[in-house]
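Below is one structure, written out as structure tokens, with a few remarks after it.
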Amino acid sequence: MRITLDEDRCCGAGTCVMTAPDVFDQRDDGIVVLLDPNPPAQLATSVHDAAARCPAAAIRVETE
């Protein structure tokens with residue numbers, strides 16, 4: 001699994017941080033920070049859920 005984040009599209013809603021806090025965090029301005037672009041497989045469900053819930057569609061998940 002490989003994750004990419006388009007910071008220019010991020011609206012700072014924070015749903016990804018609440019859904020997958022081991023993978024995403026937020027800066028002081030609300031923009032999301034990708035903590036781990038290649039998280040372990042056991043986080044796949046929460047990462048896919050976070051991407052699906054992103055209101056700006058700023059998160060892309062590629063399965064290898």
Side-chain angles (χ1 to χ4, degrees):
M1 175 172 43
R2 183 171 187 273
I3 303 168
T4 54
L5 171 68
D6 185 344
E7 291 184 6
D8 292 334
R9 294 186 72 157
C10 178
C11 64
T15 53
C16 59
V17 177
M18 291 183 281
T19 306
D22 292 330
V23 179
F24 303 101
D25 198 359
Q26 283 181 293
R27 301 187 313 220
D28 290 341
D29 64 0
I31 300 301
V32 170
V33 175
L34 182 59
L35 298 175
D36 186 355
N38 299 299
Q42 65 263 25
L43 297 177
T45 299
S46 61
V47 168
H48 283 282
D49 195 29
R53 292 175 186 229
C54 178
I59 300 168
R60 175 174 283 168
V61 181
E62 298 174 37
T63 305
E64 299 171 331

In residues 47-58, what donor-acceptor pairs under 3.5 Å come from side-chain atoms, sequence neighbours left out?
{"from": "Asp49", "atom 1": "OD1", "to": "Arg53", "atom 2": "NE", "distance (Å)": "3.0"}
{"from": "Asp49", "atom 1": "OD2", "to": "Arg53", "atom 2": "NE", "distance (Å)": "3.1"}
{"from": "Asp49", "atom 1": "OD2", "to": "Arg53", "atom 2": "NH2", "distance (Å)": "3.4"}

What's in the same ILVMFWY side-chain cluster as Leu35, cut-off under 4.5 Å, chained through other members?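 Taking Ile, Leu, Val, Met, Phe, Trp and Tyr as members, Leu35 shares its hydrophobic cluster with Val33.
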Met18: which other cluster members, linking ILVMFWY side chains closer than 4.5 Å, directly or transitively?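 Direct or chained contacts put Met18 with none.
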Residues that Glu62 engages under side chain to side chain contact (heavy atoms under 4.5 Å, CB included), provided they are two or more places apart: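 Glu62 satisfies side chain to side chain contact (heavy atoms under 4.5 Å, CB included) with Arg2, Arg60 once adjacent residues are dropped.
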Partner set under side chain to side chain contact (heavy atoms under 4.5 Å, CB included) for Pro40, not counting sequence neighbours: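 Pro40 satisfies side chain to side chain contact (heavy atoms under 4.5 Å, CB included) with Asp36, Gln42, Leu43 only.
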Find the distance between CG (Leu5) and CZ (Phe24) and round it off to the nearest 0.5 Å.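 Going from CG on Leu5 over to CZ on Phe24, the span is 7.0 Å.
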Under the side-chain hydrogen bond (donor to acceptor under 3.5 Å, both in side chains) rule, what pairs show up with a residue in residues 13-26, not counting sequence neighbours?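 Sorted result for residues 13-26: empty, none.
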Could you go through the side-chain contact (heavy atoms from CB on, under 4.5 Å) check for Asn38 and Ile3 one step at a time? CA-CA 6 Å; Asn38 299 299; Ile3 303 168; over 6 Å; no
State which residues pass salt bridge (Lys or Arg N to Asp or Glu O under 4.0 Å) with Asp29; sequence neighbours excluded, sorted by chain then number.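 Scan of Asp29 (salt bridge (Lys or Arg N to Asp or Glu O under 4.0 Å), adjacent residues dropped) gives Arg27.
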